[in-house]
Amino acid sequence: MTVGSLLAADLVIAVLAAAGWLGGGAASAARRRPLALGLAAVALLATLARAITITALARAGWWFAAEKVLIAAPLSLAAMAVAGPRLLRAPGDIRSVAVPLLFAGYAVTGGLLVTVLHGYPASAGTGLLAVAGVLAATAVSWRALGARPSRTMSRAAVAVAVAALVTGTGLAAAPDAARGVPHDHGYRDARTAGEPTRRFTLTAGTATVNVSGRDVAAWAFDGQVPGPELTATVGDVLEVTLRNRDIARGVTLHWHGYDVPNSQDGVPGVTQAAVLPGQEFVHRFRADQAGTYWYHTHAVSDVGVRMGLYGVLVVRPAPVTGVDVTVPVHTLAGLSLPAPRAEPVEAGVPVRLRLINTDSTTHRYALAGTPFRVAAIDGSDLRGPTSLVHTAVLIPAGGRYDLVFTAPATPVALFVDGRAVYSTGPVAAETGAWPVLDPLTYGVSSPVPWSRYDTEFTLVLDRGIDLHGLLPRYAHTVNGAADPDIPPQVVRLGDIVKFTIVNRSQIVHPWHLHGHHVLVLSRNGKRATGSQLWLDSFDVRPGDVWEVAFQADNPGMWANHCHNLEHADAGMTLHLMYS
Ligand code: C2O
Ligand code: CU
């Protein structure tokens, strides 16, 4: 069983236990004896079963189980201690066990709520709040059912509940140290750009674009989605002028995967102000990384990218030989881009397909009709990539794979999620059942260049209630906090930095650090054994634990976020800064 399914199973069992106890309590209050005993038995079994799931999760990593061990387990024990013996005594009047059963229900629900609403890390504050809630709910039920507890007992319960509530609220609301991101604009450019050799102008504006015969309202660069393809040769100096015609919420240009100097990174509120209608911003940087990249707005990026403010950036080491095609996959107003493209290619010609996922979720790509190699991922060449057939690749949000092959005499077709997007002729292929390439075991390995790490960070990804804004929201969280309250990660220039990224949630989080490529060390405890993977975008699936590392060699203040841009917007963004 994977950790992801274990997390899901634990959640289901906890819901079952809570529902069993609460239902049993309600049934016994209504004097429905068989129903009450049946539900209580289910609850008892489910509560016991959680001992197994919680233990297994704790063994997979403390991040997955902390609050379950520290808060849910004691509450469950209390539930069993109170309800169990009374049930076993097989009371003549079933109504007499209503309050104990309800107490058990509240206790298990309390533990469940701590997991769902707060998660990692477990805190004394949330634990005390849960206890207060359980006691208060029990006291109310007690009264409602007309039981007459002794004066001392009810006083004691109220006192404990109030104390727990006050302390819990105090602890939960206390501001953490180092909250908020200082907006320090004292960065310096790591590289001086020099005289521009490639000049582009991109004008952002609202537009109507035609997608497979339908007119769609979009936000576009130069009236087209995707925007113009920017190409350069290694060594060029790019000068890109961004103009905003009428995007009221502002626009910027972020060079996804391109490790530009911080001042060119295009993150509003961090490296520059958003470019408002009528304004412009000039980017200038040296194209010293070859490979496949893309650009997109980083102002209201969730909406802006989805609406079409993105395009391709390809930097080639030398002039093109053979066929070199970019395939930026995007969903615009529910319609799939790019439109299918068919071009005959002569046998023997080298072909490079640059696959780019500009959506917020993973896509599956399958190349049929020829053996191929994955030459590069996220712009970095792989070492010793072997030939693959009948193998699909999964590309995370923001990620890029370059597939290369020599055109055979017979047709070839590239399928994205089963749809043919590029072909040299008709191909009938059932690609849906093909196995998926694991890049961590592909190609020839070389040793990790570092043996020790100067700084280590752990990022635990989850969901939780965020009470720090104007309105409470169910945020996507990192270490229990949501943007802008996630403490920045501070590194020194030259540090070798290690990130451990843990996904406790039920959904995929495509992780993306600006300004640096990270080297993958391991996933779920298994060392990466293939070619070194220098990634800027990787899918951290439910239950996954990734270890990655990089050298802090590009000073500034860098966004570090989930590239499901909806998640990024709903809290899952933090910053890496240099001291
Ligand atoms: Cu492609 Cu911060 O994003
Ligand atoms: Cu996410």
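Order of appearance sets the numbers: ligands from 1, and atoms from 1 within every ligand. Residue indices begin at 1 and follow the sequence shown.
- Residue-level check: among N/O/S atoms of His563, NE2 sits closest to atom 1 (Cu) of ligand 1.
- With hydrogens and angles ignored, the 3.5 Å screen pairs a side-chain donor or acceptor of His516 with a backbone N or O of His514.
- Backbone or side-chain N, O or S atoms of His256 do not reach atom 2 (Cu) of ligand 1 at under 2.8 Å.
- His567 contributes ND1 as its N, O or S atom closest to the Cu ion (ligand 2).
- Sorting the N, O or S atoms of His561 by how far they are from atom 2 (Cu) of ligand 1 puts NE2 first.
- A distance of 6.0 Å or more separates the ring centres of Tyr310 and Phe221.
- Remark: at the Cu ion (ligand 2), atom SG from Cys562 and atom ND1 from His509 enclose 130°, rounded to the nearest 10 degrees.
- Side-chain atoms of Ser360 and Glu566 include no donor-acceptor pair closer than 3.5 Å.
- The backbone N or O of Asp462 lies less than 3.5 Å from a partner atom in the side chain of Thr477, making a donor-acceptor pair.
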Checklist entry - Going through the checks in order, is the salt bridge (charged side-chain N to carboxylate O under 4.0 Å, His left out) test met by Arg354 and Asp324? => result CA-CA 8 Å; Arg354 301 173 183 268; Asp324 188 327; 2.7 Å; yes
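- The distance from atom 1 (Cu) of ligand 1 to the nearest N/O/S atom of His296 is under 2.8 Å.
- One N or O on the side chain of Asp378 and one on the backbone of Asp536 form a donor-acceptor pair closer than 3.5 Å.
- Inclusion of His298 in the first shell of atom 1 (Cu) of ligand 1 is not supported: no N, O or S atom falls under 2.8 Å.
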